[in-house]
Amino acid sequence: MAILDWILLGAYFLLLVLIGVQTMRRVKSPDDFAVAGNRIIWPVFFGSLAAAFLGGGASLGVAGAAMRDGYVYMFAFCAFGVQTVLVGYFVAPRLKNYIGAHTLGDIMETHYGRPARLVTGVLSVVLCAGILGAQALAIGTVVNATLDVPTVPAVIIGMGVVILYSSFGGAWAVIQTDLLQFIFLGVLLPVALLIGLDAVGGPSALLDSVPAEHLSFMGDYSPAQFLTLFAALLLGETLVPPYAQRTFSTPDSRHARKGYALAGFFSFFFFFTSASLGLIALVLYPDIESDQALPTVVMNLMPVGVLGLVVAALMAVVMSTASSYLNSTAVVLTKDIYQPLSPTALPPSRRLTVERATSVVVGAGATIFALSVPSIVDALLYSYTLWAPTVIVPLFGAVLFGVRSAPAALSAITAGAIVTAVWQWGLDAPFGLDGLVPGVVANLLVFVTVAMATSSRYPRRQQPAVRVTEGEFA
């Protein structure tokens, strides 16, 4: 890169750190650290949520998979956008009925009791740590490909910046940096696509240069392979803790609905952009590793000045998701695991200190995990495997239907986890079907059966707003 590009990139990193430091003065309570004081209006929520989920998997992962397999992976990945739109319209607004909620554990305890909070907290941490590790790996991939820094120090440097501003500023800093990063990725990656199309001779030349199967709906995937991937992407990241936490940050249901649904619609455009850049990489640089597709196109095609900004945009894509998951993991660990198990109540100032310290510890752990998985997509799919078959059905049962049966929730979580583990690792995924699918089916059947059998003992909760308090469940 030219000197101007380095200056622009350095200015971007400095701005992130400054945001974290100056925001520290605004973070005076756990509410500020966890949900930004519930003052995030829908345009900010939209940009922040989009930046949070359009991370390494949706950018580097989709581009790399499209280079390897074609548009079929993009079509499968659109399952994520479908569920985001549906959750935005039908579920996200109802989360605002739980006044004072910071985590999904708050909702689970309100309906199913403290054991459900603890189990949800543990599963949330496992999920967030895995996805955070995937983003840390993506940071290393971007830095390695663009700045020619070895992967290990690249991951450490990139995650160090994320840990710094997330730990200082909490949700306030994460949301502000997310909005900045959304502007970067929403403008500069489409610019990269236009320049890439010009380099290959236009859209028609691109279509003529890639294998025909790369343009078909199913590609080389079998129906079972496609449906398994579609199901994993449809359910695996549904209402995960960072997205729920963003929703809790909004002032009311209207802001939650508009921001969440618009982020889902935007994702389709972004997936197409990333996948098309992967096809451009296939035409221009067919011998590179697939995870290097997006960085390679950027580094070789972007002009001086713009290059530094686009490299910053690539880093913004993955750092925004990493900071969201880091902040969410710290809040979940503190509120859903540490605090319920603590013999004494945590005063707000002490809880804020614990959340900040936890951010540092979790970030370090995710950095280590990032160096032990084979690819960004693998890290994401590993993380999805035990989320959808355990938490989603009881959570939706609570939020949409007011179910309060603790036996139904706990038995469904247990059944889903066991079936998934046995199918995926004990039986080695028969028929090529990921364990997530039979796990969700088992989870749903057990939940419905036990909820109906215990309905007289655990009547459904009515849907008007309820204030979340510790130990509310009876």
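Everything numeric here is computed off the predicted structure, so don't read it as measured data.
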Trainee: What are the two closest heavy atoms between His214 and Met67, and how far apart are they?
Mentor: NE2-O, 3.2 Å
Trainee: Any side-chain to backbone donor/acceptor pair from Tyr112 onto Pro394? Under 3.5 Å, distance only.
Mentor: yes
Trainee: Between atom SG of Cys78 and atom OH of Tyr71, what is the distance when rounded to the nearest 0.5 Å?
Mentor: 11.0 Å
Trainee: Where do Gly81 and Phe271 come nearest, in terms of heavy atoms and distance?
Mentor: N-CE1, 4.2 Å
Trainee: I need the minimum non-hydrogen distance between Trp423 and Gly435, along with the two atoms involved.
Mentor: CD1-CA, 3.5 Å
Trainee: Mark yes when over 12 heavy atoms from residues, nucleotides or ligands other than Glu213 sit less than 6.0 Å from its CD; otherwise mark no.
Mentor: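 Above 12, so yes.
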Trainee: Side chains of Val85 and Phe265: closer than 4.5 Å at any heavy-atom pair?
Mentor: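 Result yes, sub-4.5 Å side-chain heavy-atom pair found.
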Trainee: So, Asp69 and Tyr221: side-chain donor and acceptor under 3.5 Å apart, yes or no?
Mentor: yes
Trainee: Is there a side chain to side chain contact (heavy atoms under 4.5 Å, CB included) between Leu395 and Val399 once you walk through the steps?
Mentor: CA-CA 6 Å; Leu395 177 64; Val399 174; 4.1 Å; yes
Trainee: With the side chain counted from C-beta on, respond yes when Gln245 and Pro241 share a heavy-atom pair under 4.5 Å apart, and no when they do not.
Mentor: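 Result no, sub-4.5 Å side-chain heavy-atom pair not found.
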Trainee: Ignoring hydrogens and geometry, is there a side-chain-to-backbone donor-acceptor pair from Thr247 to Tyr243 under 3.5 Å?
Mentor: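 A pair under 3.5 Å: yes.
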Trainee: Thr250 vs Trp42, test: side chain to side chain contact (heavy atoms under 4.5 Å, CB included). Steps then yes/no.
Mentor: CA-CA 7 Å; Thr250 58; Trp42 73 262; over 6 Å; no
Trainee: To the nearest 0.5 Å, how far apart are CG in Leu194 and OG in Ser276?
Mentor: 10.5 Å
Trainee: Is the Phe268 to Phe272 ring centre distance short of 6.0 Å?
Mentor: no
Trainee: Hey, are the side chains of Ile107 and Thr120 touching, using non-hydrogen atoms and a 4.5 Å cut-off?
Mentor: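 Result no, sub-4.5 Å side-chain heavy-atom pair not found.
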Trainee: Roughly how far, to the nearest 0.5 Å, is NZ of Lys258 from OH of Tyr89?
Mentor: 10.0 Å
Trainee: Quick one, Leu436 and Trp387 - any side-chain contact, counting heavy atoms below 4.5 Å?
Mentor: no
Trainee: How far apart are the C-alpha atoms of Ile280 and Tyr285, what are their side-chain angles, what is the distance that settles it, and do they pass the side chain to side chain contact (heavy atoms under 4.5 Å, CB included) test?
Mentor: CA-CA 8 Å; Ile280 290 171; Tyr285 315 104; 5.9 Å; no
Trainee: Taking the side chain from Thr420 and the backbone from Ala417, do they hold a donor-acceptor pair closer than 3.5 Å?
Mentor: no
Trainee: If we only count heavy atoms from C-beta on, is the Leu279 to Leu215 side-chain gap below 4.5 Å?
Mentor: yes
Trainee: Taking the side chain from Lys96 and the backbone from Pro251, do they hold a donor-acceptor pair closer than 3.5 Å?
Mentor: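 Not confirmed, Lys96 side chain does not pair with Pro251 backbone.
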Trainee: When you compare the side chain of Leu427 with that of Val422, does any pair of heavy atoms fall below 4.5 Å?
Mentor: yes
Trainee: Within the 4.5 Å heavy-atom criterion, are Val240 and Tyr325 side-chain neighbours or not?
Mentor: yes
Trainee: Between Thr103 and Asp106, does a side chain to side chain contact (heavy atoms under 4.5 Å, CB included) hold up when you go through it step by step?
Mentor: CA-CA 5 Å; Thr103 68; Asp106 286 323; 3.7 Å; yes
Trainee: What pair of heavy atoms forms the shortest contact from Val332 to Ser124, and how long is it?
Mentor: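 Of all heavy-atom pairs spanning Val332 and Ser124, the closest is CG1-CB, 3.8 Å.
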Trainee: Is there a donor-acceptor pair under 3.5 Å between the side chain of Thr296 and the backbone N or O of Gln292?
Mentor: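 Yes; at least one donor-acceptor contact below 3.5 Å.
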Trainee: Counting N and O atoms only, with roles assigned by atom type, does the side chain of Ser253 sit under 3.5 Å from a partner on the main chain of Pro93, one being a donor and the other an acceptor?
Mentor: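 Judged by distance alone, yes, a pair lies under 3.5 Å.
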Trainee: Between CG of Asn443 and CD1 of Ile392, what distance do you get to the nearest 0.5 Å?
Mentor: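 The CD1 atom of Ile392 is 9.0 Å from CG of Asn443, to the nearest 0.5 Å.
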Trainee: Could you report the tightest heavy-atom contact between Leu282 and Pro211, atom names first, then the distance?
Mentor: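 That closest heavy-atom pairing would be CD2-CD, 3.9 Å.
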Trainee: Using every non-hydrogen atom in the two residues, find where His111 and Ala398 come nearest and quote the distance to one decimal.
Mentor: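 For His111 and Ala398, the tightest heavy-atom pair comes out as CE1-O, 3.2 Å.
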Trainee: Can you tell me how far OH of Tyr260 sits from CZ of Arg246, rounded to the nearest 0.5 angstrom?
Mentor: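 Going from the CZ atom of Arg246 to the OH atom of Tyr260 covers 11.0 Å.
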Trainee: Can you check whether Ile413 reaches Phe447 side chain to side chain, under 4.5 Å on heavy atoms?
Mentor: no
Trainee: Roughly how far, to the nearest 0.5 Å, is the CD1 atom of Ile288 from the CG atom of Asn300?
Mentor: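 Separation between the atoms: 8.5 Å.
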Trainee: Within the side chain of Asp336, is there an N or O that forms a donor-acceptor pair under 3.5 Å with the backbone of Leu118?
Mentor: no
Trainee: Ring centroid separation for Phe226 and Phe217, is it under 6.0 angstrom?
Mentor: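 Yes, the ring of Phe226 comes within the 6.0 Å limit of the ring of Phe217, centre to centre.
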